[in-house]
Amino acid sequence: AKEGGRGQALAFAEEMEREVRERRELEADLREAFESDGLTIEFQPIVEARSGRVVSSEVLVRWQHPTRGEVVPDVFIPIAEHAGLILPMGMWVLKKACKVAAQWPDLETVAVNLSAVQFMDPNLVETVSDVLMETGFPGERLVLEITESVFLKDIGSASEKLDGLRDMGIKIALDDFGTGYSSLLYLRNYNFDKIKIDKSFVDEIGEQSEGLAIIAAIIALAHNLGLEVTAEGVERQFQVDALRTLGCDTLQGYYFGRPDPNPMLIGEIRNEDWN
Ligand code: C2E
Ligand code: CA
Ligand code: CA
Ligand code: CA
């Protein structure tokens with residue numbers, strides 16, 4: 001048993017070493033990709049539940065690795081944070097998004113994600129302001145999506161930052177709502193404009209009535225606080241029907257459209273039989 005234990009420990013150490021090496025490699029490749037314009041962005045439509053009209057679009061960053069194929073943001077965003085790349089990368093995404101959206105007046109707003117590390121940047125408000133100036137994009141048309149993790153890492157200045165951004169007309173969305181530990185507490189303590197109900201709740205619609213009860217309660221709560229509600233990860237017609245009935249404001253998910261490099265395709269979404 002002793003020998004086996006030692007063998008296992010060795011295998012474990014080798015596995016660790018392999019993971020560290022792979023991570024370091026990915027980090028170098030990501031730096032190279034970012035510096036040589038190898039990253040792209042895609043747009044996913046956000047639809048007004050009442051009318052079926054596309055009112056907004058979420059920007060999602062993409063990385064096509066030369067040998068590994070597509071690496072998903074859930075993998076490379078943490079790497080970018082670790083490598084100190086997230087700030088320039090995040091601003092690149094924001095600038096690009098503003099430039100594209102500026103030429104696309106039918107779209108009311110464009111939504112850009114901010115990771116906790118980006119939100120912690122003491123220069124965040126100033127940098128975002130610079131991007132708006134440079135691109136001529138109005139703050140009123142920008143939504144910044146943040147998650148609760150922001151408040152775990154940055155207790156002191158979070159409120160000030162939110163206010164600084166909102167002073168520019170920017171709207172703040174609390175992303176992945178309901179997945180953290182204290183979602184309700186954050187709604188009470190900070191100023192948001194909207195919440196995005198996490199896909200895991202939308203997935204529950206139709207499976208159990210509890211699933212619907214929770215979404216109904218979240219929507220009612222948000223509306224009582226004067227917040228707009230977006231449901232994420234909407235894939236099925238019965239989810240659309242239920243969310244419309246509950247008065248959810250906007251809907252996003254594969255049902256309406258997958259993220260796409262060409263934002264103009266979004267204007268072509270048709271919703272016959274909507275009413
Ligand atoms: P998120 O902000 O919650 O984005 C929604 C994710 O759900 C996206 O995955 C989107 O492609 C996916 N999605 C949308 N509709 C559906 C649906 O109907 N079904 C399913 N199964 N998935 C759907 P993606 O693009 O892989 O992004 C994952 C996460 O990476 C994002 O989660 C966000 O946290 C982060 N991320 C993406 N782009 C950026 C960025 O530019 N900056 C930062 N900081 N984070 C980003
Ligand atoms: Ca998001
Ligand atoms: Ca989300
Ligand atoms: Ca997410």
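All ligand and atom numbering here is 1-based and tracks the order in the structure. Keep in mind it's a predicted model, so treat the numbers as computed, not measured.
In this structure, Q252 has no heavy atom closer than 4.0 Å to ligand 1. Residue K196 places no heavy atom under 4.0 Å from ligand 1. For V72, the heavy-atom gap to ligand 1 stays at 4.0 angstrom or more. The closest approach between a heavy atom of E58 and any atom of ligand 1 is below 4.0 Å. Ligand 1 has at least one atom lying under 4.0 Å from a heavy atom of E232.
In the displayed structure, R236 atom CZ is contacted under 6.0 Å by at most 12 heavy atoms of other residues, nucleotides or ligands. A 6.0 Å sphere centred on CD of E70 holds more than 12 heavy atoms belonging to other residues, nucleotides or ligands.
With a 6.0 Å cutoff to the six-membered ring centre and a 45° limit on the axis angle, R31 does not count as a cation-pi contact of F34.
Within E58, OE2 is the N, O or S atom that lies nearest to the Ca ion (ligand 2). Within E145, OE1 is the N, O or S atom that lies nearest to the Ca ion (ligand 2).
Of all atoms in ligand 1, numbered sequentially from 1 with element shown, those under 4.0 Å from a heavy atom of D176 are 3 (O). Counting the atoms of ligand 1 from 1 in the order shown, those under 4.0 Å from a heavy atom of G253 are 15 (N), 18 (O). Listed by atom number, the atoms of ligand 1 under 4.0 Å from E235 heavy atoms are 17 (C), 18 (O), 19 (N), 20 (C), 21 (N). When each atom of ligand 1 is checked for a heavy atom of Q118 under 4.0 Å away, the hits are 44 (N). Contact atoms of ligand 1 toward G233: 16 (C), 17 (C), 18 (O) (distance under 4.0 Å to a heavy atom of the residue).
When the options V61, D74, I41 are ranked by their closest heavy atom to atom 28 (C) of ligand 1, first place goes to D74. Evaluated by nearest non-hydrogen atom to atom 37 (C) of ligand 1, the leading choice among I77, V112, L60, D203 is L60.
Listed by chain and number, the residues in a ring pair (Phe, Tyr, Trp, His ring centres under 6.0 Å) with H65 are W63 (sequence neighbours excluded).
One hydrophobic cluster holds both L124 and L85 under the rule that ILVMFWY side chains link at heavy-atom gaps under 4.5 Å. No continuous path of hydrophobic side-chain contacts links L60 to I41 [ILVMFWY only; heavy atoms under 4.5 Å].
The OG1 atom of T67 sits 8.0 Å away from the CD atom of E25 when rounded to the nearest 0.5 Å. For the atom pair NE2 of H223 and SG of C248, the computed distance is 7.0 Å after rounding to the nearest 0.5 Å. Atom NZ of residue K196 and atom CG of residue L174 lie 11.0 Å apart, to the nearest 0.5 angstrom.
A salt bridge does not link R24 with E27: none of the charged nitrogens is closer than 4.0 Å to a carboxylate oxygen. Between R21 and E17 there is a salt bridge, since a side-chain N of the basic residue sits under 4.0 Å from a carboxylate O of the acidic one.
In terms of N/O distances under 3.5 Å, ligand 1 is approached by Q44. Not a single N or O atom of V93, backbone or side chain, sits closer than 3.5 Å to an N or O atom of ligand 1. Of the polar atoms of Y255, none of the N or O atoms is found under 3.5 Å from an N or O of ligand 1, judged by distance alone. Considering backbone and side-chain atoms together, R62 places an N or O closer than 3.5 Å to an N or O of ligand 1.
Rounding to the nearest 10°, we obtain 90° for the angle at the Ca ion (ligand 3) between D175 OD1 and D176 OD1.
Between F137 and K99 there is no side-chain heavy-atom pair separated by less than 4.5 Å.
Under 4.0 angstrom from ligand 1, the non-hydrogen atoms of P259 all belong to its side chain. Neither the backbone nor the side chain of E42 has any atom closer than 4.0 Å to an atom of ligand 1 (non-hydrogen atoms only).
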